[in-house]
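Everything below concerns the one structure shown next.
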Protein chains: 2
Amino acid sequence: MAQPEWNVMLASCPSRTSLARIANKWTAMIVIALSGGPLRFGEVRTAVEGISGKVLADTLRDLERDGVVTRTAYDEMPPRVEYQLTDLGRTLQEPLAALGRWAEQHIEEVITARTAYDSR
Amino acid sequence: MAQPEWNVMLASCPSRTSLARIANKWTAMIVIALSGGPLRFGEVRTAVEGISGKVLADTLRDLERDGVVTRTAYDEMPPRVEYQLTDLGRTLQEPLAALGRWAEQHIEEVITARTAYDSR
DNA sequence: CTGCATCCTTAATGATACTG
DNA sequence: CAGTATCATTAAGGATGCAG
């Protein structure tokens with residue numbers, strides 16, 4: 001049998017929407033950034049270098065909606081908003097950190113393969 | 001320190017491109033589908049239900065370029081093309097399967113959180 | 001018929017400006 | 001500071017066509 005037992009690949013399977021949410025580069029980097037503890041909006045933006053404010057705000061809202069992060073707004077001046085992983089979000093740390101480690105450990109092979117592919 | 005030791009999140013870090021490639025729903029599902037052994041184009045398309053031919057062809061080409069899958073075209077009639085994971089691709093199986101398991105195991109919580117968020 | 005390439009539509013992302 | 005709104009840009013996605 002070529003397929004695993006689970007059915008995430010079926011279009012009808014609702015866990016596909018869940019996979020689509022976490023199998024996403026911004027989600028991965030944001031969760032990894034929040035793994036060390038709560039961060040404010042601007043701190044996440046700094047940690048996940050290169051993300052635009054709009055995309056960060058959108059992604060954080062989606063993650064909050066899905067119960068992965070909590071958003072705490074302090075009514076101060078200047079305003080302060082902190083994001084942190086929920087219990088559910090913490091269960092994502094390990095799988096996503098593993099992906100991050102893969103990216104680090106195998107980047108050389110990927111670049112080598114890419115170069116070989118392009119020069120032909 | 002709030003950040004992990006590695007620097008995947010820095011825009012300047014090249015492993016980000018590698019993370020972006022694998023942190024993607026189609027990539028995840030294709031690699032998972034190929035985990036059981038080589039499949040032909042149409043079989044992958046059936047396994048990863050809902051993907052269009054173009055997107056599948058594009059994604060497979062990118063994965064081939066990055067050294068994650070091999071593409072073998074047999075000069076037959078009707079045409080046959082088989083895709084299979086490389087050694088590098090097999091190192092991706094575990095991390096991506098873990099993501100798939102997460103999606104399956106926590107989909108209920110995600111849906112609950114989403115419903116709660118929407119009704120307020 | 002299978003595997004794709006081409007075209008075109010739509011959704012995601014980015015830059016900028018502005019408010020509480 | 002932490003957003004939101006608007007617009008410009010780009011990438012993802014789907015429909016169709018064509019060669020092997």
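- Counting to the nearest Å, the C1' atom of D/dA2 and the CG atom of A/Asp75 are 13 Å from each other.
- Nearest-nucleotide assignment on DNA chain C puts the 5′-proximal partner with A/Asn24, out of A/Asn24 and A/Pro79.
- Of all the heavy atoms in A/Val48 and B/Arg16, the pair that sits closest is C-NH1, 4.4 Å.
- Mapping A/Lys54 and A/Val81 onto DNA chain D via the closest heavy atom, the residue that lands nearer the 5' end is A/Val81.
- At whole-Å resolution of the value, CZ in B/Arg45 and C1' in C/dG3 are 9 Å apart.
- Atoms CG (A/Asp62) and C1' (C/dA11) sit 14 Å apart, rounded to a whole Å.
- For D/dT4, the OP1/OP2 oxygens have a side-chain nitrogen or oxygen of A/Arg61 closer than 4.0 Å.
- Spacing between atom CG of A/Leu60 and atom C1' of D/dC1 amounts to 14 Å, rounded to whole angstrom units.
- In plain terms, the two heavy atoms of A/Leu88 and B/Trp102 that are nearest each other are CD1-CZ2, 3.7 Å.
- Among the protein residues, B/Gly53 comes within range of no part of the nucleic acid, since none of its heavy atoms lies under 4.0 Å from any strand.
- Between B/Ile51 atom CD1 and D/dA15 atom P there is a gap of 14 Å when expressed in whole angstrom units.
- Within a 6.0 Å radius of CG in B/Asp118, other residues, nucleotides and ligands contribute more than 12 heavy atoms.
- Taking all atoms of both residues into account, the shortest heavy-atom contact from A/Pro95 to B/Leu99 is CB-CD2, 3.7 Å.
- Regarding A/Glu76, its CD atom lies at a distance of 13 Å from the P atom of D/dG3, rounded to whole Å.
- Using a 4.0 Å cut-off, some side-chain N or O of B/Trp26 falls inside it from OP1 or OP2 of D/dG13.
- For B/Phe41, the side-chain atoms get nearest to C/dG3 when compared with the rest of D/dA2, D/dG13, C/dG3.
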Could you please spell out the steps behind the salt bridge (Lys or Arg N to Asp or Glu O under 4.0 Å) verdict for B/Glu94 and B/Arg101?
CA-CA 10 Å; B/Glu94 257 316 292; B/Arg101 270 181 261 119; 3.3 Å; yes
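- Sequence order on DNA chain C of the closest nucleotides to B/Asp58 and A/Gly50 puts B/Asp58 first from the 5' end.
- Distance CD1 (B/Ile30) to P (C/dG3): 14 Å, rounded to an integer number of Å.
- Here the P atom of nucleotide D/dG3 and the OH atom of A/Tyr74 are 13 Å apart, to the nearest Å.
- Put simply, A/Arg40 has a side-chain N or O that comes within less than 4.0 Å of OP1 or OP2 on D/dA2.
- If you check every strand for non-hydrogen atoms under 4.0 Å, A/Arg71 touches sugar and phosphate atoms only.
- Counting non-hydrogen atoms under 4.0 angstrom, A/Tyr83 reaches the backbone sugars and phosphates but no base.
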